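Just so it is clear, the structure is predicted and the values come from calculations on it, not from any experiment.
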Amino acid sequence: MDKNVFDAYSVKNQNKIITVPAGMTILSEGEVNLDMYKVIEGNVEMYTGYGTDKEVLLGILSPGACFGEFGLLLHKPAIYTIITFSQVKLLRVTEGTMGDFVKENQDSIVQMMRNMAGMMLNMSHNIQQLSQELEDVSSRISPDVNIVQKKRDQDATMIKDSLREYAVKGYSYKFFGKK
């Protein structure tokens, strides 16, 4: 049986393994970090709004879990903060090593996809909840504000229609910008 190229203890990966003590920030929300990490030992906490009055613990990641994929894959700022819960050993994955990582870590890739799908589901739920709260608040405020909301809704519909027309003409949008 071939040894996994990305085994945490292989000689090839010793310079990619980092040990981080408990309580340290690995990744900060809003920061652009082009590396992804796989938890080898220990646990990390995932937050949004870390250190603010809107702080929410999204989960605790255990060995085998990956984080930082947003920056590595999209070159966009992180949408969460990662704090070490305990001392951790992390495998650092860069753009240069991503191809080999994908080939050698299919389970990690599937887990990343599940994490992303879970985040999308959670965001969808939060958007629905926020929409309902806005609707509730809107129904309790003055008619003038409701008129402004109706105008915003009309503008949003016009934008959607324009995007649909754009797509019908053979153009498409990526999630973050034009193709």
Spatial distance of atom CG (Leu72) from atom OH (Tyr37) [nearest 0.5 Å]: 10.0 Å

Using every non-hydrogen atom in the two residues, find where Leu34 and Gly71 come nearest and quote the distance to one decimal. CD2-O, 3.5 Å

Check for me, please, whether Leu58 and Ile82 land in the same ILVMFWY cluster - side-chain distances under 4.5 Å, paths through other members count. yes

Taking atom CG of Leu91 and atom CG of Asp35, what is their separation to the nearest 0.5 Å? 10.5 Å

Answer whether the closest heavy-atom distance between the side chains of Leu57 and Tyr47 falls below 4.5 Å. yes

Spacing of OG1 belonging to Thr84 relative to CD1 belonging to Ile26, to within rounding of 0.5 Å: 5.5 Å

Is there a continuous path of hydrophobic side-chain contacts, each under 4.5 Å between heavy atoms, that joins Ile60 to Val39? no

Between Gly42 and Pro63, which heavy-atom pair has the shortest distance, and what is it? O-CD, 3.2 Å

Can you measure from CZ (Arg92) to CD1 (Ile17) and round to the nearest 0.5 angstrom? 11.5 Å

Shortest non-hydrogen pair, Phe67 vs Met36, comes out as O-CG, 3.2 Å

Donor-acceptor contact present, side-chain Glu29 to main-chain Gly49, <3.5 Å: yes

Do the side chain of Gln132 and the main chain of Gln128 share a donor and acceptor less than 3.5 angstrom apart? no

Can you name the ring-ring contact (aromatic ring centres under 6.0 Å, His included) partners of Tyr80, sequence neighbours left out? none

Nearest 0.5 Å, what's the CD1-OG1 distance between Ile83 and Thr25? 3.0 Å

Which heavy atom in Gly30 sits nearest to a heavy atom in Pro77, and how many Å separate them? O-CB, 3.3 Å

Check whether Val88 and Met24 end up in the same hydrophobic cluster, where Ile, Leu, Val, Met, Phe, Trp and Tyr are linked by side-chain heavy atoms less than 4.5 Å apart. yes

Test of understanding: clusters of I, L, V, M, F, W, Y form through side-chain heavy atoms closer than 4.5 Å, transitively. Do Val56 and Phe85 belong to the same one? no

Main-chain N/O of Thr81 paired to Ser28 side chain as donor or acceptor, under 3.5 Å: no

Quick check for you: to the nearest 0.5 Å, what is the distance between Met46 atom CE and Leu61 atom CG? 4.5 Å

